[in-house]
Amino acid sequence: KEKHKILHQLLQNSTS
Amino acid sequence: SPTVSMAELEHLAQNISKSHVETCQYLREELQQLSWQAFLQDEVDGYQSKPREVMWQLCAIKITEAIQYVVEFAKRIDGFMELCQNDQIVLLKAGSLEVVFVRMCRAFDTQNNTVYFDGKYAGPDVFKALGCDDLITSVFDFAKSMCSLHLSEDEIALFSAFVLLSADRTWLQEKLQVEKLQQKTQLALQHVLQKNQREDGILSKLRCKVSALRSLCARHSENLSAFRAVYPDIVRSHFPPLYKELFG
């Protein structure tokens, strides 16, 4: 999970 | 092959087209209006005289920006967020740059062999300082051949989704789920192609593009590795974190 921190974040952000 | 009703295909095609339009970074009309704005010779000279690492950093930033839009595209595709998180990441790691290359044909001017980059239209010579002429030539050739298919926006949208949902990526945990989603997307793509009265051979031409995309991305990785071997600190401290996550 740590390896793809930003991707995780982007995926979790609600779509605007 | 899953049984899917016509209504379901129509709905999926609409969802993917809408997601594409909402996340496409530049509107096609905008890009067409800008297409007369090519870099002037002194601007080209400016790019060519940049140190290799500075040009690499600039391109890494531009690629990363484009990829962020692709992530947003993926999230809006029906079914993508229902995949397990491992598979969402596997698909984006393997496919986001491929989708950027597909989308690039919208920002490509075939007459002048230029692509929209950093505010104007740029020919391959603008990228000279990167030191990877072969890759750049291949990227431009790919964009040119994609343009020759004259895909409409909905066809680009469906093809992008098809590429992104490739079920043959390594490390997928729920391969079957991805396969189902890709098959549905392929049916939706076929439905759109039929509706648009495209010639029969178009699907097989698009299949050839899938392998061309894989080879482009493999070349990008090779070139990045070669660059990183010489400038490890530049990559570590100056490249966008998302770029490193995807291609590191």
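Throughout, a chain's letter reflects where its sequence line sits, starting with A, and its residues are numbered from 1.
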Hey, what do you get for NE2 (A:His4) to CD (B:Gln85), rounding to the nearest 0.5 Å? 11.5 Å
So what's closer than 4.5 Å to chain A heavy atoms on B:Leu242: side chain, backbone, both or neither? both
Can you tell me how far the CG atom of A:Leu7 sits from the CD atom of B:Glu245, to the nearest 0.5 Å? 5.5 Å
When B:Lys244, B:Met81, B:Lys93, B:Gln68 are compared by non-hydrogen pairs under 4.5 Å with chain A, the top option: B:Lys93
What are the two closest heavy atoms between A:Leu11 and B:Lys75, and how far apart are they? O-CE, 3.6 Å
Report which part of B:Ile67 has an atom under 4.5 Å of a heavy atom belonging to chain A: side chain, backbone, both, or neither. neither
Just wondering, are more than 12 heavy atoms of other shown residues or ligands nearer than 6.0 Å to NZ in B:Lys18? no
